[in-house]
Number of protein chains: 2
Amino acid sequence: MEAALRLFARHGFAAVSMRQIAAEVGVQAGALYNYIPDKQSLLFDLMRGHMEALLAARAERPKGGSALARLEDFTRFHIRYHLARPDAVFVSYMELRSLSPENFAVVEGLRRQYEDELESILRAGEAEGSLSAADPRIAAMAVIAMLTGVTTWYRAAGRLTVDQVEGIYWDMVRKSVSV
Amino acid sequence: MEAALRLFARHGFAAVSMRQIAAEVGVQAGALYNYIPDKQSLLFDLMRGHMEALLAARAERPKGGSALARLEDFTRFHIRYHLARPDAVFVSYMELRSLSPENFAVVEGLRRQYEDELESILRAGEAEGSLSAADPRIAAMAVIAMLTGVTTWYRAAGRLTVDQVEGIYWDMVRKSVSV
DNA sequence: GTCTATATAGGGATAGAC
DNA sequence: GTCTATCCCTATATAGAC
């Protein structure tokens, strides 16, 4: 699974062969079929696993507090979690179109759950009077797109630590939905 | 070219065969080689063409005015331009890894030029005292990610017009880099 | 400029020996 | 549980007729 994830992230699902994955772990291609029924299932398991782990990790975060506090927690959590597993993020985002329709629907449903939490935080902030988003649904999509984008340029060897990146993005997110 | 772009956007470069592209326009696969030397060149021409057209369209926009006015123009331009050609945007973003190293370097250079303009607008705003970005380079990447994300959810048949979307995003962008 | 036919390579998946 | 060998299919790209 790890080898497949790495190769899919680097070259794309369709461009990676079962033979390449097998070679990466030192077996012949046929041996992989003792663990997975087919290549599509392999991709689906990786993507569903990533989304379920994301939701599970998110569910462990505090749910109380002000909308502003919850928004900050969401922002910092998202950046930390995504920067820690760039391959899974990349594959889960780029290979949606490689999923069969039924598998796509499942992964899309999980993604939707994640987006919904942010939307509800923004709505709560609006009700509180502490936040202001012209359209909470779109603001949620905009914030997630902005935050996820960090995975495209961040390098651990670069000039910024994850903490610093969190701070910069939190500053922008906070202002973008401020009253 | 149009058929290839559409198919690449839908299924991915590696997943689309020359036979599929040929069938889409009603010829046999071999006939395509009268127009392109190979499949890689086809992808490269599409991506370079998109980035060069983007830069050319951007170069025609007004360059003077306050940083705030230039930021608003950049924001609205980006959304309008990208929503008008979702397939080209999608392919140019998702298929970077399908390019040969030399072709990747060219496309990446063009993309960098586009990002640089936004970064320089933010720096000008900082100098003017009208904008405030903790880190102009990262703020530029964050804003572009946020804006480009609109292509993943926008549907012309949905509840919002492009004008309304522009307004919502401009409001968020403006606030996110406000003093 | 397009066709048919093909060269050459590699794909996913399975069978059966060990 | 892995191997070798293979089935069957499809891929990119080219050759040569028309």
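First the proteins, then the strands, lettered A, B, ... as listed; each starts at 1. Just so it is clear, the structure is predicted and the values come from calculations on it, not from any experiment.
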Checklist outcome for this item: Rounded to the nearest 0.5 angstrom, the OG-CD distance for A:S120 and A:E115 is 12.5 Å

Checklist entry - Do B:V162 and B:E166 pass the side-chain contact (heavy atoms from CB on, under 4.5 Å) test, and can you show the C-alpha distance, the side-chain angles, and the key distance before you say yes or no? => result CA-CA 6 Å; B:V162 175; B:E166 277 181 35; 3.9 Å; yes

Checklist entry - How long is the span from the CE atom in B:M18 to the CG atom in B:L7, to the nearest 0.5 Å? => result 11.5 Å

Next on the checklist: So, using side chain to side chain contact (heavy atoms under 4.5 Å, CB included) as the criterion, who are the partners of A:D73 when residues are at least two apart?
Outcome noted: A:R58, A:R61, A:P62

Item to check | Summary of protein contacts for nucleotides 2-18 of chain C, nucleotide by nucleotide, where a base hit scores B, a sugar-phosphate-only hit scores S (4.0 Å, heavy atoms) | outcome: BSB------BBBB----

Next on the checklist: To the closest 0.5 Å, what do you measure between CG (A:L42) and CD1 (A:I36)?
Outcome noted: 4.5 Å

